[in-house]
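Reading through the structure tokens given below for one structure.
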Amino acid sequence: MFASKTALAKWKETEAALCFSSGYAAALGTIPALVEKNDVIILDKLCHASLIDGAKLSGATLRVFPHNHLGKLKSHLEWARQKNSAACILIVTESVFSMDGDRAPLPEIVKLKKDFGAQLFLDEAHAVGVIGRNGRGLAFEENLSQEVHVQMGTLSKALGVSGGYICGLRNMTEWLINRARSFIFSTAPPPALAAAAKAAVDFLSSDEGEKRRQRLWRNIDILAEELSIEPASAIVPWIIGDEKATLVAAQNLQDNGFLVPAIRYPTVAKGTARLRITLSAAHEATQLRSLAGVIKRLPKRD
Ligand SMILES: Cc1ncc(COP(=O)(O)O)c(C=O)c1O
């Protein structure tokens with residue numbers, strides 16, 4: 001995985017990168033390696049299961065703030081600093097949330113992180129390939145890469161391969177090589193995957209890759225306009241609420257030629273079942289308009 005981790009660090013413009021067998025393994029190994037029992041982890045309520053499991057495994061004290069709620073994040077930070085002025089406080093969040101498609105308010109989170117001497121772990125799974133020049137992610141787009149201690153990601157989404165990675169300072173990745181159990185005690189991704197991952201990163205870094213990303217944004221903008229929503233990422237949730245109605249809607253879409261999964265509890269909170277639309281650069285404008293047409297004809301939402 002040597003070539004792909006070097007390519008990843010170059011692409012993300014970080015000092016170093018480390019590859020894991022999956023994004024799940026990256027989170028599960030990294031979070032416990034960075035904090036100890038007396039430390040505090042503060043997570044967004046909508047964080048992915050891999051982040052929650054990594055946080056639980058660490059044995060640190062956990063605090064959860066309502067999704068993107070900066071006031072509650074601040075009060076958790078105050079509490080954590082008061083509890084132990086020397087503790088490591090790790091804020092864990094995502095760039096783009098997997099079931100909502102919205103973004104974390106990164107500049108504000110970075111400010112709070114600095115005010116309280118905390119560290120920031122950012123899962124860029126749904127931002128890479130989509131946000132920032134050459135798909136480098138939200139931290140890059142906001143010019144905040146240097147403020148994010150741990151940039152995590154997966155190769156399994158926009159990059160079309162499989163495997164996970166951590167980007168950041170070299171002393172951090174070297175620490176992980178020696179401390180992250182899911183790295184040490186699990187087989188490394190095989191050479192074929194490493195080669196495919198490197199090809200994907202090289203493509204994204206190229207002018208052709210950037211053109212394809214622009215095409216994806218053209219599609220995101222078309223659908224957002226058709227559905228009268230704010231474009232934020234390639235994930236577009238259409239919240240219906242009722243689970244049965246959502247399943248019926250997904251079947252209706254499938255009958256019209258659109259594969260849009262119905263997402264229900266426990267993946268999302270009860271009463272917030274939704275259609276989860278994922279856009280790609282390969283979609284045609286006519287397809288998106290007809291998808292929007294079918295969605296708009298669905299029975300009214302809750
Ligand atoms: C936000 C987020 N983080 C992490 C992961 C885990 O990545 P992987 O599928 O590579 O284990 C996923 C994917 O399912 C995800 O959506």
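In each ligand, atom 1 is the first atom listed, and ligand 1 is the first ligand listed. Atoms considered below: every heavy atom in the structure, side chains included; atoms not considered: hydrogens, waters and symmetry mates.
- With hydrogens left out, the protein atom closest to atom 12 (C) of ligand 1 is H48 NE2, 3.3 Å, a heavy atom.
- Taking the ring axis of F65 as reference, the NZ or CZ atom of K72 does not stay both within 45° of it and closer than 6.0 Å to the ring centre.
- Looking at D100 and R274, a side-chain N of the basic residue comes within less than 4.0 Å of a carboxylate O on the acidic one, giving a salt bridge.
- Put simply, part of S50 is less than 4.0 Å from ligand 1, judged by heavy atoms.
- Distance from atom 9 (O) of ligand 1 to its nearest protein heavy atom, with residue and atom name: S156 OG, 3.6 Å.
- In this structure a side-chain-to-backbone donor-acceptor pair under 3.5 Å is missing from H48 to L51.
- T14 places no side-chain N or O within 3.5 Å of a backbone atom of C167 that could act as its donor or acceptor partner.
- Relative to the six-membered ring of W238, R276 misses at least one condition, a distance below 6.0 Å or an angle of at most 45° to the axis.
- Contact atoms of ligand 1 toward E94: 1 (C) (distance under 4.0 Å to a heavy atom of the residue).
- Each of the following atoms of ligand 1 lies closer than 4.0 Å to a heavy atom of M152: 4 (C).
- Partner of E141 under the salt bridge (Lys or Arg N to Asp or Glu O under 4.0 Å) criterion, out of K12, R103, R136: R103 alone.
- Atoms of ligand 1 lying under 4.0 Å from any heavy atom of H126, numbered from 1 in the order shown and given with element: 1 (C), 15 (C), 16 (O).
- Salt-bridge check for D207 with K211: failed, with every basic side-chain N at 4.0 Å or more from each acidic carboxylate O.
- A salt bridge links E210 with R213: the distance from a Lys NZ or Arg NE/NH1/NH2 to an Asp or Glu carboxylate oxygen falls below 4.0 Å.
- Proximity to A125 (heavy-atom distance under 4.0 Å) selects the following atoms of ligand 1: 1 (C), 2 (C), 3 (N).
- Annotation: atom 8 (P) of ligand 1 to nearest protein heavy atom, G23 N, 3.4 Å.
- Regarding atom 11 (O) of ligand 1, its nearest protein heavy-atom neighbour is Y24 N, 2.9 Å.
- Residue D123 has at least one N or O atom closer than 3.5 Å to an N or O atom of ligand 1.
- The protein heavy atom nearest to atom 14 (O) of ligand 1 is K157 NZ, 3.0 Å.
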